[in-house]
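See structure below.
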2 protein chains.
Amino acid sequence: MVKKGIKKSEIRSMCPISCTLELVGDKWSLLIIRDMLFFEKSTYNEFLDSGEKISTNILNDRLIMLTERGLISYTGTAKRKRYKLTKLGLELKPIIDAVGSFGMKHFEGSKEYVQQQLKGSGRKTH
Amino acid sequence: MVKKGIKKSEIRSMCPISCTLELVGDKWSLLIIRDMLFFEKSTYNEFLDSGEKISTNILNDRLIMLTERGLISYTGTAKRKRYKLTKLGLELKPIIDAVGSFGMKHFEGSKEYVQQQLKGSGRKTH
DNA sequence: AAAATAAACTTGCAAAATGCAAGTTTATTT
DNA sequence: AAATAAACTTGCATTTTGCAAGTTTATTTT
């Protein structure tokens, strides 16, 4: 069982880089946020079927955590939640952009992959 | 024993964000790179005594991995290695900058922490 | 030159995070 | 009313990280 997900983590240091990585530096958070930012995903099942195949327990855990940490929030009923980025969550965009730029420059085929992905989604070019 | 460190990872997807996170998205890589970028650290022991207290096995593992992946390289003898960022590694700066900016804006006391840290080091303001 | 120190690892074991496959529970459709 | 779907939950295996204590060879110190 995933008891508590990522540990409430007793702050490694007050370094802004370290703190930010403790907030969203796990294996999945930024990918979920990417899906919200670029592909306009908002529901559990939409997040579930992204290319990286997150598993259900982890997704559930991350959605709770990101919510607790004020990066996302939801509206709707318990069985039909719609998540969106909060003001704080939106401020992660520069990070995602920088990560994406590095990737598009250095991973062959990744730029094309993005184009493909955008075809099927809410078409958000930036 | 840390057999292989972070798995050679069978690529989760061709998404540039996902690929980049597989490259440096573990718990320590970006902190080591931060130490090189901002604090001009270059040796095993210098990395060891950063505020976040990485343990020796993990540090060793990460240094090997970052080297294998072409983000850092070293000169000097086996017992006196000096690491530096490669051209590719330097291209991670925009990511670190974005992560740092978010942190300085949202974690109270983190900006002051940076000032403190810079006092004792090679004084690199940006 | 011998002893002490230090730099760069290595080892073994424990704990935490992630992954996988298969449920369960209510709402919503058919 | 039955089938489907959305949002979880559970149990267990694997991977990754953390901790404490070595080891080995170079460099200083005495």
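Below, read A as the first sequence line, B as the second, and so on, with proteins coming before strands; counting in each chain starts at 1.
- For the residue pair B/N57 / B/S55, a side-chain donor-acceptor distance below 3.5 Å is found, with atom types taken as modelled.
- One finds a side-chain N or O of B/N60 lying less than 4.0 angstrom from the OP1 or OP2 phosphate oxygen of C/dT10.
- For B/K27, a side-chain nitrogen or oxygen approaches OP1 or OP2 of D/dG18 to under 4.0 Å.
- If you measure from atom CD1 of B/I58 to atom P of D/dC19, you get 10 Å, rounded to the nearest angstrom.
- B/Y74 and B/I64 end up in different hydrophobic clusters when Ile, Leu, Val, Met, Phe, Trp and Tyr side chains are linked at under 4.5 Å.
- Partner assigned to D/dT17 is C/dA14, using Watson-Crick or G-U wobble distances below 3.5 angstrom.
- A/T77 comes within contact range of no nucleotide atom at all, as no heavy-atom separation falls under 4.0 Å.
- For the OP1/OP2 pair of D/dA5 and a distance below 4.0 Å, the side-chain nitrogens and oxygens of A/N45 include no atom meeting the criterion.
- A straight line from CG of A/D49 to P of D/dA7 spans 12 Å, rounded to a whole angstrom.
- Proximity of B/W28 to the phosphate of D/dT16: no side-chain N or O atom is located under 4.0 Å from OP1 or OP2.
- Taking only distance into account, the side chain of A/S55 never meets the base of C/dT18 through a donor-acceptor pair shorter than 3.5 Å.
- Atom OH in B/Y44 sits about 16 Å away from atom C1' in D/dA26, given to the nearest Å.
- As judged by a 4.0 angstrom heavy-atom cut-off over every strand, B/K53 is placed among residues making no nucleic acid contact.
- Spacing between atom CD1 of B/I54 and atom P of C/dC9 amounts to 13 Å, rounded to whole angstrom units.
- Between the side chain of B/R69 and the backbone N or O of B/L23, at least one donor-acceptor pair lies under 3.5 Å.
- Minimum interatomic distance between B/F102 and A/E91 (heavy atoms only, all atoms of both residues): CD1-O, 3.6 Å.
- The base of D/dT24 is paired with the side chain of B/K79 by a donor and an acceptor separated by under 3.5 Å.
- Taking atom CD of B/E52 as the reference point, atom P of D/dG18 lies 11 Å away to the nearest angstrom.
- For the pair B/M65 CE and D/dT16 C1', the computed distance is 11 Å after rounding to whole Å.
- Under 3.5 Å, the side chain of A/N57 and the base of C/dC20 form at least one donor-acceptor pair of N or O atoms.
- Here C/dG19 sits opposite D/dC12 as a Watson-Crick or G-U wobble pair (both hydrogen-bonding atom distances under 3.5 Å).
- Spacing between atom NZ of A/K81 and atom P of C/dA27 amounts to 13 Å, rounded to whole angstrom units.
- With a cut-off of 3.5 Å on both pairing distances, the Watson-Crick or G-U wobble partner of D/dT23 is C/dA8.
- Among the nucleotides C/dA7, D/dT17, D/dC19, the one closest to any side-chain atom of B/R80 is C/dA7.
- Among the heavy atoms of the strands, none lies under 4.0 Å from B/F47.
- In this structure, the separation between CD on B/E22 and NZ on A/K27 is 7.5 Å, given to the nearest 0.5 Å.
- The backbone N or O of B/T86 sits nowhere less than 3.5 Å from a side-chain atom of B/S73 that would complete a donor-acceptor pair.
- Nucleotide C/dC9 holds its P atom 14 Å from the CD atom of B/E46, rounded to whole Å.
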